Structures are given as structure tokens and as C-alpha cells.
Amino acid sequence: MLKPIRLSELRQLPGQKTQEVRFRQFFAGFESLTPVEGSLRVSHRGHFVEVRAQARTIVTLTCHRCLQQFNHRLELDVEEIILIREPNSGPPPLELELKEEEDLLESLPPNGELDVEDLMRQYLHLEMPTQLPCRPDCPGIVVESAAPAGDPRWAPLAALLKEIS
Ligand SMILES: [Zn+2]
């Protein structure tokens, strides 16, 4: 379980005002075959917080072509800016306006805390691929008519079909 990081404590850290946590754990609400292993670095930059998250794990996906389950190595490397400001305090400070809009979706009050457990869970969900084939040449669900009986070249396919059904 990752502990939330208080902005007030982060602000008081010497030097780079940076806290780094390493973890190896399962995340509630995110299914993975192996524990998620990685690190999270949070830096206080005055008007905003800089987050850098790196993690890897193995997840089970369902192939969108043949509908078989397969294991997939998930790796993420995310950088995010979270604004520090009171809620409803108007537009972001000038110096941040150059950054891309989508980077600024989140904000935290100055006395707030960053729920890094929840943040990691969000990153993991965002990284989950949709519509990934089990292998690049996955033929998909092979229909019976594509496998003429008696042709030995189709034997492996027929066996595979049997396995699926
Ligand atoms: Zn497949």
C-alpha cells in the first residue's frame, strides 16, 4: 500500500524537494498476474508537482481476433504535471500556459495530499492496451469452411479449433 504524499511535507524537503518511492505490489482494482514493480518520483516545483512513474508487470489480455487469453508484459513510463492551487481559483499561472492542456487536467490544493496509490492505479489502467492480438500473425477465429477436411496442412489449425471450442 503506497502512502499518500502530503504537499506540505514535500515542500519542506531539502534540495530538490523530491520524494521517491519504490514498490512491488498488487493494486486493488487492477488485475495483474505478477506484482507491479516500479518507482514513483514526486517533486514539488512551487506552483506544480512533477510526477514521474515507471512500472512493469504482466497482465492477462484477451486477443481481439481469436478471443484467447494471453499474457502481456505491461511497461509504463509516465510524466505528469499536477497544478497546485486552490479549487476554483481561476486560470493557471501564466508560466504554465505554454504546457499542453491535457497535462493540466489535475490540480491539488496547497495543503492537499497526493494519493499515489490511486495515481498509479490510474496510470496502469491508462496503459492497458485495447485490441491487441495475441501475436502479430494471429489468424483470428478460423471458420470450419477454411479448413477442408483431409488436407494435412490444416491439421494444426483443426487441433487449435478443437482447443478453442
Ligand atoms: Zn489471437
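Just so it is clear, the model here is predicted, and its values are computed rather than measured. Computed over heavy atoms, backbone and side chain alike; hydrogens, waters and symmetry mates excluded. Throughout, residue positions are numbered sequentially from 1 according to the sequence presented.
With a 4.5 Å cut-off on side-chain heavy atoms, T18 and L13 do not count as touching. Annotation: side chain of V59 is in contact with side chain of M128 (closest heavy-atom distance under 4.5 Å). F70 has its side chain out of reach of T62: every pair of non-hydrogen atoms, C-beta onward, lies at least 4.5 Å apart. Residues V49 and L7 are in side-chain contact: their nearest non-hydrogen atoms beyond the backbone lie under 4.5 Å apart. Counting only heavy atoms from C-beta outward, the side chains of F23 and E37 never approach each other to under 4.5 Å. Proximity of P109 to R85: side-chain heavy atoms (C-beta onward) are nowhere separated by under 4.5 Å. L119 has its side chain within reach of E80: a pair of non-hydrogen atoms, C-beta onward, lies under 4.5 Å apart. In this structure, T57 and P35 have side chains that are not in contact, with every pair of non-hydrogen atoms separated by 4.5 Å or more.
Looking at every heavy atom in both residues, S39 comes nearest to R22 through CB-NH1, 3.8 Å. Summarising the geometry of F30 relative to L74, their closest heavy-atom pair is CZ-CD2, 3.9 Å, with the distance given to 0.1 Å. Looking at every heavy atom in both residues, V36 comes nearest to A55 through CG1-CB, 3.9 Å. The heavy-atom pair separating L61 from P129 by the smallest distance is CD1-CG, 3.7 Å.
Pairs of residues two or more places apart, or lying in two chains, never qualify as salt bridge (Lys or Arg N to Asp or Glu O under 4.0 Å) while including a residue from residues 59-68. Within the structure, the salt bridge (Lys or Arg N to Asp or Glu O under 4.0 Å) test picks out the following pairs touching residues 121-141 (sequence neighbours left out): D118-R121, R135-D137.
Between the side chain of E117 and the main chain of L2, a donor-acceptor pair closer than 3.5 Å is present. Checked by atom type and distance alone, the side chain of Q25 pairs as donor or acceptor with a backbone atom of M1 at under 3.5 Å. Not a single donor-acceptor pair under 3.5 Å links the side chain of K17 to the backbone N or O of S43.
Interatomic distance, CD1 of I141 versus CG of L161, reported as 9.5 Å (0.5 Å rounding). To the nearest 0.5 angstrom, L108 atom CG is 9.0 Å from L83 atom CG. Rounded to the nearest 0.5 Å, atoms CG (L132) and SG (C63) are 8.0 Å apart. Between atom CD1 of residue I58 and atom OG of residue S32 there is a gap of 9.5 Å, rounded to the nearest 0.5 Å. Between the CZ atom in R41 and the CD atom in E20 there is a gap of 6.0 Å [rounded to 0.5 Å].
Under the side chain to side chain donor-acceptor pair (under 3.5 Å) criterion, N71 pairs with T60, not counting sequence neighbours.
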**Study point:** Derivation and outcome, side-chain contact (heavy atoms from CB on, under 4.5 Å), residues F48 and I82
**Key:** CA-CA 6 Å; F48 61 93; I82 299 174; over 6 Å; no
Point to revise | I84 and H44: CA distance, side-chain angles, deciding distance, side-chain contact (heavy atoms from CB on, under 4.5 Å) verdict | key: CA-CA 9 Å; I84 302 174; H44 200 296; 3.5 Å; yes
Point to revise | M120/Q122 under side-chain contact (heavy atoms from CB on, under 4.5 Å): CA gap, chis, key distance, verdict | key: CA-CA 5 Å; M120 264 319 297; Q122 285 179 36; over 6 Å; no
Review point. Checking salt bridge (charged side-chain N to carboxylate O under 4.0 Å, His left out) for the pair E75/R73: CA distance, chi angles, key distance, verdict?
Key: CA-CA 7 Å; E75 286 190 56; R73 191 177 166 82; 3.2 Å; yes
Review point. Taking it one step at a time, do L160 and Q68 satisfy side-chain contact (heavy atoms from CB on, under 4.5 Å)?
Key: CA-CA 11 Å; L160 186 71; Q68 294 230 66; 4.1 Å; yes
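Heavy atoms from other residues, nucleotides or ligands lying under 6.0 Å from CZ of R6 number 12 at most. The environment of E31 atom CD is sparse: at most 12 non-hydrogen atoms of other residues, nucleotides or ligands sit within 6.0 angstrom.
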